[in-house]
Amino acid sequence: MERSEILDKVKALVEETLEADGSALTEQTAYEDLGADSFDLLELVTAMEDEFGITVDDSADLSQVKTIGDTVDMVAQSL
């Protein structure tokens, strides 16, 4: 899957899960700027797993996933 396809799907999931303005989302958008807390991020990871058919290892350091671009990288590595 191309990075641009992953990005589009991630942005759609962020828009839906965090009720964010999809037109304002970029790879540089930080979850902190969207007001996301750890529960929101857990919900987002679950949505990513369902959408992409991946499993995010419980030992993964999600504290390093701070932006939409970080999420795209995580998904791309898991595919």
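Small disclaimer: the values here were computed from a predicted structure and weren't measured. Starting from 1, each residue takes its place in the sequence as its number.
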- Would a 4.5 Å heavy-atom cut-off, applied to side chains only, mark Val14 and Thr71 as touching? no
- Okay, side chain of Asp70, backbone of Thr67: is any donor-acceptor separation there less than 3.5 Å? yes
- Message: Take a 6.0 Å sphere around CD of Glu32 and say whether it holds more than 12 heavy atoms from other residues, nucleotides or ligands.
- Response: no
- Message: Is there a path of hydrophobic side-chain contacts, each under 4.5 Å between heavy atoms, that joins Met1 and Val10?
- Response: yes
- Approximate separation, where rounding is to 0.5 Å, of Gln77 CD and Ile54 CD1: 10.5 Å
- Message: So, applying side-chain contact (heavy atoms from CB on, under 4.5 Å) with Leu18, which one of Leu13, Leu34, Leu25 is it?
- Response: Leu34
- Note on the structure: Residue pairs passing the side-chain hydrogen bond (donor to acceptor under 3.5 Å, both in side chains) test with at least one member in residues 36-45, sequence neighbours excluded, are none
- Query: Rounded to the nearest 0.5 Å, how far does CG of Leu44 lie from OG1 of Thr17?
  - Reply: 5.0 Å
- Item | Atom CD of Glu51 with >12 non-hydrogen neighbours under 6.0 angstrom | yes
- State, with a plain yes or no, whether a side-chain heavy atom of Val72 is found less than 4.5 Å away from one of Val75. no
- Query: What pairs with Thr46 under side-chain hydrogen bond (donor to acceptor under 3.5 Å, both in side chains), at least two apart in sequence or on another chain?
  - Reply: none
- Query: How many angstroms lie between CE in Met48 and OG1 in Thr55, if you round to the nearest 0.5 Å?
  - Reply: 14.5 Å
- Output every pair passing salt bridge (charged side-chain N to carboxylate O under 4.0 Å, His left out) with a member in residues 18-31, not counting sequence neighbours, ordered by first then second residue. Arg3-Glu27
- Query: Atom CD1 of Ile68 and atom CG of Asp73: how far apart are they, to the nearest 0.5 Å?
  - Reply: 12.0 Å
